[in-house]
Amino acid sequence: MRVAIETYGCTMNQADSDIMRGLISRYFELSNVEEADIVVVNSCGVVDYTERKIIRRIRELKALGKKVVLAGCLTRISDEALTISDSAVSPENVASVVDAVLSAQNGKKIFAERRSVDKSEFYGIKRRRMENAIAIVSISEGCMGSCSFCATRLARGRLRSFSMEGIVREVEQAVKEGFREIQLTSQDTGAYGLDRGKAMLPDLLNRISEIEGEFRVRVGMMNPQHAVRILDDLISAFSSEKIYKFIHVPVQSGDNRVLEDMRRGHTVEDYIEVVESFRKNFDDVLVSTDIIVGFPTENEESFWKSYELVKETKPDIVNITRFSPRKGTLAAKYRDIPGWIKKERSRKLTELVREVGLENNSRFAGRKLKVLVTRKGKGNTVLARTDSYRAVVTEGVLGQFMEVEIVDYRFNYLVGKPN
C-alpha cells in the first residue's frame, strides 16, 4: 500500500511529518499524492481560511478515491474535517499514525485520546526530506498562554517541554547527517522548561552551541513576556556564533488595551525592551513580529498605535493577519469588524512594512557578508542566510558557507554575488 503525507502550517507540523514519515516507511511504501492509496493530511487551523482550504482539499482527495487520515490541529478543533476523514491522529499521538493508516484502510475510524509524549524520543525515527540543508527540531508542544483568539492552544494543549538531552542528541545527529541549519520550533520557545519549574531556553542554546561542527541555529517564536524575563541569559546565549541573531517576537497589537482583550499576557513595552536590548548587544539583528489587524476591540486609534509601533521599532518581518473568529475561543463571541475595514488596515500596514524593509536592507548594499546556503531557489539561484538570518538570493551549493557581496536588495531579501 502506498501512503503520502501532505503538510500544512507551521514548522512544528513539518517536524511531526518527519516523525510520521519515518514510522510509515517501516510498514508501507511512501509515495507522492498522485500515486498514493492513502493520504495523511497534516492540517493547520490557525485561521478560518486555512481550515476551509484544507477541508476542500480533503474532499478533493476523497473524490479521487483516496482514503484520508487527518493529522494536525484540525483533529482537535474541526468537527467537519474529522467527519469527512477516514481516520485521524492528533498532534500528541503522532506515534499512532500507522494504526490510523491501517484503520483507514480497513474502514474503521479510530481517534486516540490525549496523551503526553516527549517527541525528542523520536529523533532516531524521523525521516527528513533531503531537499535542503534545514533540520527542524521540536523542543516543546503547547503553551502557557490563554489568548482569546487562538485555537491552536485548544489543539496543542498546555506546555510540555521535551527532554534537553533528547533535543541535544537530535541536533547532534542532524549535524552528522549534513544538515547545516537547525530550526528549533515550539508554540513558544521562550517558555521552554517552565512546566518543569525553570525557563531553560538559554541553557538549551548553550548546550547546542557546544556541539561540534559548523552549523547555525534559528530559534523559533518566543512571546515577549517570557523573553523579557530571561533577557540577559538569552542575549548571552545568542552571543554564540552558532546562533542566528534572529528573534521572532509577536507583539500582535500596538495598543495595551487591545492586548488585554487578546489576553496576551504582555505589554507593548515588553516587546520594545526585547527588541532594543538585542539591537544594543548585536551589530545586526533580524526582528520578526506578528500583528493582527481588525481584532474586534481594535478601533481606529488602536490600529494607528500598531502602525506607529512598526514605524518606531522597524521590524524586518511583520506577519500581518486579518482577524478571523475561531470556534471555541472567547474572541469568537465578540462582534466582528467589517471585512473592508480589516482589508484597508492590512493594506496600509503592508505598505509601511515594505517601506521599512527597503530602508533596513538598503544599508547592506555593497557590503561583504558571510552566508550559509540553505535552500534551492529558482533556476540556478539558491537562498542563503546571513548570520542574522537575512535572506540572500545568490548562487552556491546547499550547505555551503561562503562570502558574498550585496549588489542589490528588495524589501524582504538581499541579492548577493559570490566572492
Side-chain angles (χ1 to χ4, degrees), residues 139-140 143-150 159 184 186-194 198-206 217-240 243-293 295 298 301-321 349 352-353 356-357 359-360 363 387-390:
I139 68 170
S140 66
C143 72
M144 300 286 287
S146 56
C147 297
S148 64
F149 58 84
C150 183
L159 177 67
L184 302 183
S186 169
Q187 273 71 63
D188 184 353
T189 60
Y192 176 70
L194 290 180
K198 178 189 175 185
M200 299 192 297
L201 179 61
D203 295 338
L204 175 63
L205 297 180
N206 289 334
V217 176
R218 190 195 78 171
V219 180
M221 186 190 82
M222 62 180 84
N223 282 312
Q225 66 268 38
H226 296 129
V228 77
R229 289 172 188 158
I230 56 173
L231 201 45
D232 290 343
D233 289 340
L234 204 56
I235 288 170
S236 176
F238 267 73
S239 65
S240 166
I243 311 296
Y244 281 127
K245 309 307 179 276
F246 163 86
I247 53 172
H248 180 186
V249 189
V251 67
Q252 302 296 11
S253 174
D255 187 339
N256 282 329
R257 178 188 59 80
V258 174
L259 289 178
E260 288 182 11
D261 293 337
M262 289 180 172
R263 297 192 174 184
R264 285 289 293 158
H266 68 82
T267 63
V268 173
E269 290 73 25
D270 290 335
Y271 162 77
I272 292 173
E273 183 177 352
V274 173
V275 171
E276 288 184 346
S277 295
F278 266 84
R279 284 178 171 162
K280 179 181 178 181
N281 282 275
F282 301 108
D283 292 335
D284 182 34
V285 179
L286 185 74
V287 176
S288 174
T289 194
D290 303 349
I291 290 182
I292 295 173
V293 296
F295 187 79
E298 178 190 80
E301 181 185 1
S302 304
F303 167 72
W304 286 111
K305 284 184 177 180
S306 295
Y307 187 95
E308 289 301 321
L309 182 64
V310 171
K311 203 171 181 179
E312 174 192 344
T313 58
K314 299 184 185 303
D316 302 277
I317 300 171
V318 182
N319 304 303
I320 302 168
T321 303
L349 196 56
L352 174 62
V353 168
V356 168
E359 180 185 341
N360 288 350
R363 60 195 171 95
D387 285 342
S388 63
Y389 200 65
R390 292 190 185 278

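Numbers here are sequence positions counted from 1.
- Minimum heavy-atom separation, Ile247 to Val275: CD1-CA, 4.4 Å.
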Going by atom type alone, with no hydrogens or angles, which donor-acceptor pairs under 3.5 Å involve a side-chain atom of residues 227-239 and a protein atom two or more places apart or on another chain?
unit_1	atom_1	unit_2	atom_2	d
Arg229	NE	Gln225	O	3.4
Ser239	OG	Ser236	O	2.4

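- Classification of the Phe278-Phe282 ring pair by plane angle, with boundaries at 30° and 60°, yields tilted.
- Between Ser140 and Tyr192 the shortest heavy-atom distance is CB-CD1, 4.2 Å.
- In terms of heavy atoms, Pro250 sits closest to Thr289 at CA-OG1, 3.5 Å.
- Among Arg390, Lys245, Arg279, the one residue that satisfies the side-chain hydrogen bond (donor to acceptor under 3.5 Å, both in side chains) test with Asp284 is Arg390.
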For Ser148 and Asp261, run side-chain contact (heavy atoms from CB on, under 4.5 Å): C-alpha distance rounded to whole Å, both residues' side-chain angles, the deciding distance at 0.1 Å, then the answer.
CA-CA 7 Å; Ser148 64; Asp261 293 337; 5.7 Å; no

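- In this structure, Arg263 places its CZ atom where only 12 or fewer heavy-atom neighbours from other residues, nucleotides or ligands lie under 6.0 Å away.
- Across Leu259 and Thr267, no two heavy atoms sit closer than the pair CD1-C, 3.9 Å.
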When you look at Phe149 and Arg264, which way does the side-chain contact (heavy atoms from CB on, under 4.5 Å) test go after all the steps?
CA-CA 10 Å; Phe149 58 84; Arg264 285 289 293 158; 3.9 Å; yes

Please evaluate residues Glu269 and Asn256 with respect to the criterion side-chain contact (heavy atoms from CB on, under 4.5 Å), reporting the C-alpha separation (whole Å), side-chain torsions for both, the decisive distance (0.1 Å), and the verdict.
CA-CA 9 Å; Glu269 290 73 25; Asn256 282 329; 3.0 Å; yes

Given side-chain contact (heavy atoms from CB on, under 4.5 Å), test Asp290 with His248 step by step and report yes or no.
CA-CA 8 Å; Asp290 303 349; His248 180 186; 2.8 Å; yes

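- Distance CG/Leu352 to NZ/Lys314: 8.0 Å, rounded to 0.5 Å.
- Atom CD of residue Glu273 and atom NE2 of residue His266 lie 13.5 Å apart, to the nearest 0.5 angstrom.
- Scanning all heavy atoms of the two residues, the minimum distance from Thr189 to Gly220 falls at OG1-O, 3.0 Å.
- Of all heavy-atom pairs spanning Tyr307 and Leu349, the tightest one is CA-CD1, 4.0 Å.
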